[in-house]
Amino acid sequence: MLIVMDQSARPEDIERVCKVIERLGFQARPMPGGQRTAIGIVGNETALDAARFHGLPGVRETIAVSAPYKQVSLEWKRERTVVRLDNGTTIGGDGVVIMGGPCSVESEEQLLATAKYVAAAGATILRGGAYKPRTSPYAFQGLGEGGLRILAEARRRYGLALVTEALDETSAERIAEVADIIQIGARNMQNFELLKKIGRLGKPVLLKRGPASTIKEWLLAAEYIVHEGNPNVILCERGIRSFDGSTRNVFDTAAIAVARTMTHLPIIGDPSHGTGRRELILPMARAAIAAGADGVIVETHPCPPEALSDGQQSLYPDQFTEMVSALRRIADAVGRRLVDPLAQVAQSS
Ligand code: PEP
Ligand code: MN
């Protein structure tokens, strides 16, 4: 960070800023110029809070030299992060990964039926919420612990990895024992204490973008997790709020392309929540992969009209299978390949 002093700054103002930098444990490098002095900070491994300097006498502005989301930035690490799961699935790198399943786990019958066709279609990760963040307290809140048991059974039978959402620290601990990836939902993207806790649990994390979050805020949320020592974060674009009611959210495919220029973390798209409309899932899933996403997460249900949550944005089983074939073609067209479940079995056995 560079601290630019005002033209009228006095030597004691410069001295004070240098002292603050030193008290923070870093070295100050004042650079007197023709008009004003700039002070460089040397030795900080993590990003600094610029607000510490705002308002000090004689300080005009601070200029960030590196991104505030330091460890997740591409300038920090050029090599793209690849998250590896126990069933052999990799997220990031060349592969394109498909995650599918219902919005909520509703019953053993529903989830096992879904897991069966999701695996047969070529997906390698099963989604399904056991703890559900619902806008209304009267809506289905999920099966909780019972849902986790059903998910574990599906994982055992079909070899699929599991992703499921944690709402708080207690559910996060339980999910870490059962699932392969802990999902942090859009509503919790800036629940900083939860992010720290998840970082310490050490399990891969799927971090959804908040419905009104900038890409920078999203990356700073990821930074919280990585800063706790957990490098395995997967970003998920799931649509942001807009003035236009034609879709539930605006699925921001540009954010996928933009984030790829800013971070080494894998990024996937969620066209189910991104659009809220079943008929838009296929085109937007294709768009996500074409835009550079490392995969998609899509809601699907054996009988969407009977779903207890998000049926309108869940694919029918045959539509899910068709989507996987379509995405295989898109992946090929952009020089990538679908993560192959058979290769995984070979790798993990
Ligand atoms: C979900 O995945 O079912 C969900 C609640 O997603 P989001 O946090 O993106 O709304
Ligand atoms: Mn949902």
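Note that these values count all heavy atoms, side chains included, but never hydrogens, waters or copies made by symmetry. As the structure lists them, so they are numbered: ligands from 1, and atoms in each ligand from 1. Counting from 1, the numbers follow the sequence of the chain as shown.
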Chemist: Within the 4.0 Å heavy-atom shell around Gly185, which atoms of ligand 1 are there?
Modeler: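 Answer, ordered by atom number: 8 (O).
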Chemist: In this structure, does ligand 1 have an atom that sits under 4.0 Å from one of the heavy atoms of Arg209?
Modeler: no
Chemist: Are Asp310 and Arg134 close enough for a salt bridge, meaning some N to O gap below 4.0 Å?
Modeler: no
Chemist: Under 3.5 Å, N or O to N or O, is Asp270 touching ligand 1 that way?
Modeler: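 For ligand 1, there is no N or O atom that lies under 3.5 Å from one belonging to Asp270.
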Chemist: Would you mind checking which non-hydrogen protein atom is closest to atom 9 (O) of ligand 1, with the distance to 0.1 Å?
Modeler: Arg238 NE, 2.7 Å
Chemist: Which heavy-atom pair separates Ile181 from Ile125 by the least distance, and what is that distance?
Modeler: CD1-CD1, 4.1 Å
Chemist: Please state whether the rings of Tyr117 and Phe320 are parallel, tilted or perpendicular, taking 30° and 60° as the class boundaries.
Modeler: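 The arrangement is perpendicular - the two ring planes meet at more than 60°.
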Chemist: Tell me whether Gln183 has any N or O atom under 3.5 angstrom from an N or O of ligand 1.
Modeler: yes
Chemist: Measure the spacing between CG of Leu207 and CD1 of Ile267 and express it to the nearest 0.5 Å.
Modeler: 11.5 Å
Chemist: Are any of the side-chain nitrogens in Lys19 or Glu15 under 4.0 Å away from the carboxylate oxygens of its partner?
Modeler: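 Yes, this pair counts.
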Chemist: I need the atoms of ligand 1 closer than 4.0 Å to a non-hydrogen atom of Glu299, numbered in the order shown.
Modeler: 3 (O)
Chemist: Run the salt-bridge test on Asp168 and Lys197 with the 4.0 Å N-O cut-off and return the result as yes or no.
Modeler: no
Chemist: Provide, to 0.1 Å, the distance between atom 8 (O) of ligand 1 and the closest protein heavy atom, together with that atom's residue and name.
Modeler: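 The closest one turns out to be Ala186 N, 2.7 Å.
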Chemist: Any carboxylate oxygen within less than 4.0 angstrom of a Lys/Arg side-chain nitrogen, looking at Arg80 and Asp294?
Modeler: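 Answer for the salt bridge query: no.
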Chemist: I need the single residue from Arg278, Gln313, Gln312 that forms a side chain to side chain donor-acceptor pair (under 3.5 Å) with Glu299. Which is it?
Modeler: Gln313
Chemist: Any N or O on Cys103 sitting closer than 3.5 Å to an N or O of ligand 1?
Modeler: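 It does not: no N or O of Cys103 is found under 3.5 Å from an N or O of ligand 1.
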Chemist: Taking Val72's backbone N and O only, do any of them form a donor-acceptor pair with Glu223's side chain (distance below 3.5 Å, no angle check)?
Modeler: yes
Chemist: Checking a contact table here: which protein heavy atom is nearest atom 6 (O) of ligand 1, and how many Å away?
Modeler: Lys208 NZ, 3.0 Å
Chemist: Looking only at the side chains, is there a donor atom on one of Thr62 and His54 sitting less than 3.5 Å from an acceptor on the other?
Modeler: yes
Chemist: Calculate, to the nearest 0.5 Å, the distance between atoms CD and CG belonging to Gln141 and Leu308 respectively.
Modeler: 11.5 Å
Chemist: Please work out which of Met189, His273, Arg134, Arg187 has its closest non-hydrogen atom nearest to atom 1 (C) of ligand 1.
Modeler: His273
Chemist: Please could you name the atoms of ligand 1 that Lys132 approaches to less than 4.0 Å, counting only its heavy atoms?
Modeler: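 Under 4.0 Å from Lys132, ligand 1 has these atoms: 1 (C), 3 (O).
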Chemist: Do you see a donor-acceptor pair shorter than 3.5 Å between the side chains of Thr164 and Tyr131?
Modeler: no
Chemist: For the Mn ion (ligand 2), what is the number of protein N, O or S atoms at a distance under 2.8 Å?
Modeler: 4
Chemist: Heavy-atom distance to atom 2 (O) of ligand 1: which of Glu237, Glu165, Arg127 wins?
Modeler: Arg127
